[in-house]
Amino acid sequence: MKISFEIKDKDIAGRIGRLEIKDKDNQSKVIETPALMPVYGLNNPILSIDKLKSKFNAKILMTNAYMLFKSEEKKNNVLEQGIHKFFNFDGIIAVDSGSYQLMKYGDIDISNSEILKFEEHIGAEIGSFLDIPTLPDAYKRLAEENLTVTLKRAKEAKNLNLNLVVNAAIQGSTFMDLRAKAAREISKNFELNAIGGIVRLMEEYRFEDLVNIIVAAKKNIRAGNIVHAFGLGHPMLFGLAVGLGCDIFDSAAYALFAKDKRYITNYGTKKISELEYLPCSCPACHNKNPCDLDEHDIALHNLYVSYEEIRRIKQAIKENTLWEYIEMRAISHPSLYKAVRTLKKHRKFLSEFDPITKRSAFFDFGFDSRTEIYNVKSRAKNVKTENLINVKPFGNVPQEILDIYPLNVFGIKSDADDKEKVKAIMQYQFGENAAQILAQFNLIIKRSRKTKRIRWIHDNKTKELLGSVRASDHFIIPHKKLAEELHKFFKFPKLRIAIADEAVPFVKEGMNVFAKFVINADKNLRAGDECLVVDKDDNLIATGTLMLAPRECTSFKRGVAVRVR
Ligand code: GUN
Ligand code: ZN
């Protein structure tokens with residue numbers, strides 16, 4: 001099995017991705033992420049596989065290899081038929097090892113290599129080694145010992161070289177140093193990484209701890225890896241987890257909650273007995289009263305709202321409104337609210353991944369966790385001006401850049417003239433002193449007749465078009481001459497995406513730069529920035545819009561890194 005992943009769209013550290021798994025015969029199965037894996041519980045499943053397929057169009061599901069192994073009858077059948085025939089499911093099947101059973105019952109009668117070989121044998125696409133989930137606030141020595149065993153088993157899984165994508169668990173309890181170490185080791189050897197041992201935190205509404213753990217892991221996971229939040233099945237957390245860079249969720253919650261007559265909403269959980277009215281019109285709730293719903297209906301409903309939440313989040317990524325979406329959800333519960341507030345602590349890290357310009361206007365709800373605040377503050381420092389104006393929540397910003405995203409939403413007029421504006425935007429976009437480049441030209445700045453906004457930057461001496469100004473966000477798009485001057489003025493690696501020789505002829509022809517060919521990326525660039533594409537010797541090849549974060553450019557093996565002009 002070979003797994004590959006590429007980013008189609010992004011917002012904050014969240015991404016819409018294309019995940020492909022190819023088997024030995026090059027048969028391919030593709031899903032879009034963020035993705036929900038419903039868990040098919042083998043003991044009294046509430047929803048059949050047929051229901052998961054027909055009602056939800058499930059393309060990926062998760063079940064438990066150890067539970068299959070434990071039952072003599074199931075084991076023999078699944079070994080004989082293969083897991084896809086056995087379940088009559090031809091999508092992607094992920095299987096968990098007995099780790100959770102191990103944690104619950106303290107002991108299981110199978111070794112790490114045995115369960116892994118069994119997972120391969122039955123033909124699952126995705127399997128797990130026997131990691132040891134360590135509870136939050138474990139004694140540190142125990143957390144360390146458990147992690148040592150988990151990492152040893154990970155090595156063993158790697159060395160077995162199985163025909164299996166290993167869903168490699170990152171453990172470490174609530175110790176951020178252990179989480180970081182685990183993430184580093186695991187993400188070196190596996191492309192699919194699962195943040196494990198977090199279920200108890202979620203049960204206890206310890207969302208701040210959850211955020212810190214996800215961030216500690218994400219900081220140390222290769223940017224191109226796929227991240228699974230193990231056991232994160234409550235839709236109220238999906239938006240936050242996606243924003244932090246999680247791609248896959250498994251939900252056993254829809255069924256476990258249903259067995260307890262608990263009704264999931266994307267803003268919290270209700271006991272069905274406490275509901276007078278149903279706040280939902282999904283097929284399971286439609287035209288019904290709370291007392292009409294049995295366990296099966298509740299499970300259906302719980303899963304409907306979980307899938308719905310994933311779709312809403314994907315739409316928010318498309319619109320670049322994921323922050324607004326997360327903030328809206330944050331109001332559901334004080335613990336979630338606090339967790340979203342504490343994102344301020346991680347603003348700098350997250351801002352690396354966040355696009356510098358967005359498709360939707362910046363709506364401020366008063367959360368100062370937002371990555372845009374960090375990006376604006378750090379770039380506005382490059383603008384030399386005496387005309388600062390306080391724009392909440394960004395603090396003091398140069399009056400000359402009030403037309404650019406995200407400041408444009410406030411509609412504040414400034415007296416700056418067009419040349420001053422263009423110079424300031426140059427500094428904001430490309431760095432300190434970038435305006436000096438313009439000194440050699442006799443600038444003519446033209447406005448659009450229709451919109452009355454700044455549109456073109458010309459040199460009156462040569463009549464050459466130096467750049468255009470994008471109407472939506474007032475970012476400057478450098479044309480050939482200006483790109484050459486930027487290249488001359490700033491030294492490598494600033495503003496540059498360096499590509500391998502083999503890609504140079506194609507990019508010269510105007511083809512996009514694929515992440516696979518990027519050999520170096522300026523760390524201060526952001527997705528959405530205009531960048532200079534150079535070869536390994538820093539010859540300017542093209543200009544274009546960066547589509548990924550710098551560390552994603554060098555980590556991904558697929559997808560477009562620069563959309564070339
Ligand atoms: N299911 C929920 N959490 C975990 C975990 O940490 N490890 C494994 N293997 N399964 C899980
Ligand atoms: Zn419903």
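For the single chain, residues carry numbers from 1 onward in sequence order. First listed ligand is number 1; within each ligand, the first listed atom is number 1.
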Would you mind checking which non-hydrogen protein atom is closest to atom 7 (N) of ligand 1, with the distance to 0.1 Å?
Asp131 OD2, 2.8 Å
Relative to the heavy atoms of Pro133, which atoms of ligand 1 are at a distance of less than 4.0 Å?
5 (C), 6 (O), 7 (N)
Consider only side-chain N and O atoms of Lys74 and Asn76, and report whether a donor and an acceptor are under 3.5 Å apart.
no
Going by the atom numbers of ligand 1, which of them fall below 4.0 Å from some non-hydrogen atom of Gln171?
5 (C), 6 (O), 7 (N)
May I ask you to list the protein N, O or S atoms found at less than 2.8 Å from the Zn ion (ligand 2)?
Cys280 SG, Cys282 SG, Cys285 SG, His301 ND1
In ligand 1, the atoms that come under 4.0 Å of a heavy atom of Ser99 are 8 (C), 9 (N)
Ile198, portion touching ligand 1 at heavy-atom distance under 4.0 Å
neither
Does a salt bridge link Asp137 with Arg200, judged by any charged N lying under 4.0 Å from a carboxylate O?
no
What atoms of ligand 1 come within less than 4.0 Å of a heavy atom belonging to Gly197?
5 (C), 6 (O)
Can you pull out the closest protein heavy atom to atom 10 (N) of ligand 1? Residue, atom name and distance to 0.1 Å, please.
Asp96 OD2, 2.7 Å
Where do Gly243 and Leu350 come nearest, in terms of heavy atoms and distance?
O-CD2, 4.3 Å
Hydrogens and angles aside, do Thr174 and Asp209 bring a side-chain donor and acceptor to less than 3.5 Å of each other?
no
Which pair of non-hydrogen atoms, one from Leu42 and one from Asn64, has the smallest distance, and what is that distance?
CD1-O, 3.4 Å
Measure the distance from atom 2 (C) of ligand 1 to every protein heavy atom, then report the residue, atom name and distance (to 0.1 Å) of the closest one.
Tyr100 CE1, 3.4 Å
Contact list for residues 87-103, test salt bridge (charged side-chain N to carboxylate O under 4.0 Å, His left out), sequence neighbours left out:
none
So is Lys75 actually on top of Phe69's ring, under 6.0 Å and inside 45° of the axis?
yes
Is the distance between the ring centroids of Phe249 and His228 under 6.0 Å?
no
Does any donor atom in the side chain of Gln171 or Asp131 lie under 3.5 Å from an acceptor atom in the other side chain?
yes
Run the salt-bridge test on Arg222 and Glu191 with the 4.0 Å N-O cut-off and return the result as yes or no.
no
